[in-house]
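Here the structure comes first, spelled out in structure tokens, and everything after it is commentary.
Throughout, numbering of the chain's residues begins at 1 and tracks the sequence. Note that this is a predicted model, so its numbers are computed, not measured.
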Amino acid sequence: MKSLLLTYLTTYGGAAAALVHPFTGFLIYVAFAIIKPDELWPYSVPKGNYSRTVALALFAGWALHGFGDWRFGRARGVIGSLVGFLAWAVIGALRADDQALATLYVEELSKIVLPTLVGATLLTSADRLRQLAWVILVSVGYVAFECNLSYLGGYNRIREEGFGGLDNNGVAILFNSCVGLSIFLGLGARAWW
């Protein structure tokens, strides 16, 4: 019950906050992309469009606040390549034999590229980058905590089911990639808490 309440509060509260402060909506979208509430708590959170709700509010808030800062500096080539890849995928999907599969691919790719573009325009300071890093670390840490509780309870969920569309190896890569991030953030922290 607590997980359902937390999911609804974060979804609709985050959507409202994203209209006023788009970066907050971006952080919540990133957290939902990692945690996937309906997959982490399938026993209490029904399948839903939680991330989509936050994303739509994020895009609306981003547009209302002037579309962010488009001075990418050295990241211009990377962001341009991502957007170009999405555009090429759309063109390819228009000519694909299997339209349903092509549309699904473009939709999944859009869930990555469009929020990345929005996030890149909203990351205007080192403090915002640090906030994003903490959101990623805490989200992955919470997934690891829940999966460890399942393991200690006698069921190795990662081995049997995977998580969020990843098999056990993909989940291990997700967890391992955050070890360096945790060391970086731990050494850069101003206080122990």
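Applying the side-chain hydrogen bond (donor to acceptor under 3.5 Å, both in side chains) test to every pair with at least one member in residues 26-50, sequence neighbours left out, gives these pairs: Ser3-Ser44. Sorted by first and then second residue, the ring-ring contact (aromatic ring centres under 6.0 Å, His included) pairs with a member in residues 146-181 form an empty list; sequence neighbours excluded.
At distances below 3.5 Å, not a single donor-acceptor pair connects side-chain atoms of Ser139 with backbone N or O atoms of Ile136. Between the side chain of Arg128 and the main chain of Leu122, a donor-acceptor pair closer than 3.5 Å is present. Not a single donor-acceptor pair under 3.5 Å links the side chain of His65 to the backbone N or O of His21. Looking only at distances, a side-chain donor or acceptor of Asn176 sits under 3.5 Å from a matching main-chain atom of Ala172. In this structure a side-chain-to-backbone donor-acceptor pair under 3.5 Å is missing from Thr10 to Thr7.
A distance of 12.5 Å separates OG of Ser81 from CG of Leu86, quoted to the nearest 0.5 Å. For the atom pair Leu101 CG and Gln99 CD, the distance stands at 10.0 Å (nearest 0.5 Å). Rounded to the nearest 0.5 angstrom, Leu137 CG and Phe184 CZ are separated by 11.0 Å. Atom CG of Asn148 is separated from atom CG of Leu152 by 4.5 Å, given to the nearest 0.5 angstrom. Annotation: the span from Cys147 atom SG to Asn168 atom CG amounts to 11.5 Å, rounded to 0.5 Å. The CD1 atom of Ile112 lies 14.0 Å from the CG atom of Leu117; values are rounded to the nearest 0.5 Å.
Val20 and Phe26 fall into different hydrophobic clusters, defined by Ile, Leu, Val, Met, Phe, Trp and Tyr side-chain heavy atoms under 4.5 Å apart, directly or through other members. Criterion: ILVMFWY side-chain heavy atoms under 4.5 Å apart, direct or through other members. Under it, Ile35 and Leu132 are part of a common hydrophobic cluster. Transitive grouping of hydrophobic side chains (ILVMFWY, heavy atoms separated by less than 4.5 Å) keeps Ile173 and Val140 in distinct clusters. In terms of hydrophobic clustering, with Ile, Leu, Val, Met, Phe, Trp and Tyr side chains grouped at heavy-atom distances under 4.5 Å, Leu185 and Tyr142 are assigned to a common cluster. Note on Ile158 and Phe145: same hydrophobic cluster, where clusters join Ile, Leu, Val, Met, Phe, Trp and Tyr whose side-chain heavy atoms are under 4.5 Å apart, directly or indirectly.
Applying the ring pair (Phe, Tyr, Trp, His ring centres under 6.0 Å) rule to Phe72 yields the partners Trp70; only residues at least two apart in sequence or on another chain are considered.
When every heavy atom of Ser110 is checked against every heavy atom of Pro115, the shortest pair comes out as O-CD, 3.3 Å. For the pair Val143 and Ile34, the tightest heavy-atom approach, listed with the atom from each and the gap, is CG2-O, 3.9 Å. Between Val106 and Ala93, the closest heavy-atom pair is CG2-CB, 3.6 Å. The nearest pair of heavy atoms linking Val135 to Leu27 is CG1-O, 3.5 Å. Of all the heavy atoms in Thr121 and Thr124, the pair that sits closest is O-CG2, 3.8 Å. Nearest heavy-atom pair across Pro46 and Tyr8 is CG-OH, 4.0 Å.
Residues Phe67 and Val118 fail the side-chain proximity criterion, which asks for heavy atoms closer than 4.5 Å. Contact check for Val54 versus Tyr12: no side-chain heavy atoms found under the 4.5 Å cut-off.
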